[in-house]
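Proteins get letters first, then strands, A, B, ... in listed order; numbering begins at 1 in each.
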Protein chains: 2
Amino acid sequence: MNEMTARNEKRTPCESCPLRKLDHFRAFTGEELAFVSQFKTGELAVDGGATILVEGAHSAHLFTVLSGWGFRYKMLDDGRRQILNYVMPGDLIGLQGSLMGEMQHSIEALSPVTLCVFERGKLNRLFENYPELAYDLTWIAAREERILDENLLSIGRRSALERAAYLIAFLYQRAEVLDLFSNSRVAIPISQQHVADTLGLSIVHTNKTLKKLAERGLIRWAEKGCNVRDIDGLLAVSGWEGLREPKRPFI
Amino acid sequence: MNEMTARNEKRTPCESCPLRKLDHFRAFTGEELAFVSQFKTGELAVDGGATILVEGAHSAHLFTVLSGWGFRYKMLDDGRRQILNYVMPGDLIGLQGSLMGEMQHSIEALSPVTLCVFERGKLNRLFENYPELAYDLTWIAAREERILDENLLSIGRRSALERAAYLIAFLYQRAEVLDLFSNSRVAIPISQQHVADTLGLSIVHTNKTLKKLAERGLIRWAEKGCNVRDIDGLLAVSGWEGLREPKRPFI
DNA sequence: CGGCACTTTGACTAGAATCAAGGTGCGTGG
DNA sequence: CCACGCACCTTGATTCTAGTCAAAGTGCCG
């Protein structure tokens, strides 16, 4: 578990943020953009495998993922790990910690990740002067809640096969709307251990379950990652209706 | 599943809200109180077993629980049900639906419940004019997220016995700070079916698991509910450190 | 070439689901 | 007042899903 690497000062100006171009995200007014731009205090680049935020810490920062994949997790004392959700470009991380003091989960990078850094202390100003952004923040928290609801349903009530299909379909659809698969066929950068720790299964059983999905031609496990061959098939197996997300805000 | 009962017009004025007296909640300024008071458009009383909000609905309302217990859940097409969280006095419900349109979970009353009714349309005014309350709303959403994180950890990684102990300790502690057990020894008003649907277990296995907790003298199942005999014992079995919540806001 | 991280497979075990009954307490209507 | 239905809890037997153990295969890097 390597540490964060250098703070990268050649920052991407918010005005030309590549994420803003995706029509998956809601547009900002000029004023809001100006605020966000000065709310952002820097950029951070971390390696794959690095810990971005750690349980128990009182971080002075709040981040938005600019590029790369990561995951949020909690651990029990004896080492059992539960992955709670994944983070992708446009996702805000550390809000829980910023509002309530202590982080109660950790976040780790799955691939090299670039983060926009925000000062927690400036959050008040956001609430005071930018009601639209405050609304967005609440919206973002409610979205996370929704995702967790669905995950809970999945782990609590779906069978191993359904769960696995759900997870992969979920990750695929989230990445899809971010255009993460457009240039070159990119795989979902997770190991079977990650899948196991997300689904609440052992790694052996996870392997056998994924094999079934592969045999049905729905996925292919290759070069340390998962390729989706048939998203509709995955959705059918999982019994999930898919992500139905409107344009969303991001900070 | 009976429907909502009459709208009760003899409303509890926010100024003399009994919940506000609990020192578990953060105090309001007079101005905030005045806003909340006019944000509240009525009161609603529902019977135990009634559905308060239903998945798929576009509710024009937002509620705060004034008294009683309920739970949030999702169902799969074939009837499998997962309980996501419980609601108790002071909890805000329907925020997800208010912000994002459609409800993606249902809420059902466990006991007779009284609700303060708020108009979703007035939410904008809250964000525009009461940054402190907007902050509180985000805080509340982040709190729910935390609870879901812990639940996910529990269902994904804890054993049946640990899970059951965790759930009961969790409900007990939440109710405790609300003074719900002060007068007369009140039980947690859930059936074993609810426990099963929360833990992701079958009802038979849940019964056997709860029996073990009872044999150890940690709980007693009686008159359609659960009595906690030894909260520290439950916490020890679950491996959970307990609720560590600062004073929280409520709307 | 050896080590390491990750995947794969088979054999065995354990934990949880399912099946099947029966028990308890309560409210309702004959 | 009793009988019946109903909702909920309890228990034992059986089945099956998922966990554990053990070992070996693959690809990559130093």
Measure all distances between protein nitrogen or oxygen atoms and nitrogen or oxygen atoms of nucleotides 6-11 of chain D, and list the pairs falling under 3.5 Å.
unit_1	atom_1	unit_2	atom_2	d
D:dC9	OP1	B:Gln192	N	3.4
D:dC9	OP1	B:Trp221	NE1	2.9
D:dC9	OP2	B:Gln192	N	3.0
D:dT10	OP2	B:Gln192	NE2	2.9
D:dT10	OP2	B:Asn207	ND2	2.8
D:dT11	OP2	B:Lys211	NZ	3.0

Next on the checklist: Closer than 4.0 angstrom, basic N to acidic O: yes or no for B:Arg157 and A:Asp197?
Outcome noted: yes
Checklist entry - If you check every side-chain atom of A:His205, which of C:dA16, C:dA17, D:dG19 has the closest atom? => result D:dG19
Item to check | Note, A:Trp240 side chain near A:Arg158 side chain (heavy atom, < 4.5 Å) | outcome: yes
Checklist entry - When you look at CG of A:Asp78, are more than 12 heavy atoms from neighbouring residues, nucleotides or ligands closer to it than 6.0 Å? => result yes
Checklist entry - Separation of B:Leu161 atom CG from C:dA14 atom P, in whole Å? => result 18 Å
Checklist entry - Centroid-to-centroid, A:Phe71 to A:His194, below 6.0 Å? => result yes
Next on the checklist: Please report the distance, rounded to the nearest Å, between CG in A:Leu201 and P in C:dT7.
Outcome noted: 15 Å
Item to check | Passing candidate, side chain to side chain contact (heavy atoms under 4.5 Å, CB included) with A:Ile168, options A:Leu218, A:Ile231, A:Leu210 | outcome: A:Leu210
Checklist entry - A:Ile155 CD1 to D:dA18 P: how many Å, rounded? => result 13 Å
Next on the checklist: From CG of A:Leu210 over to C1' of C:dT9, roughly how many Å is that when rounded to an integer?
Outcome noted: 15 Å
Checklist entry - If we only count heavy atoms from C-beta on, is the B:Asp91 to B:Phe250 side-chain gap below 4.5 Å? => result no
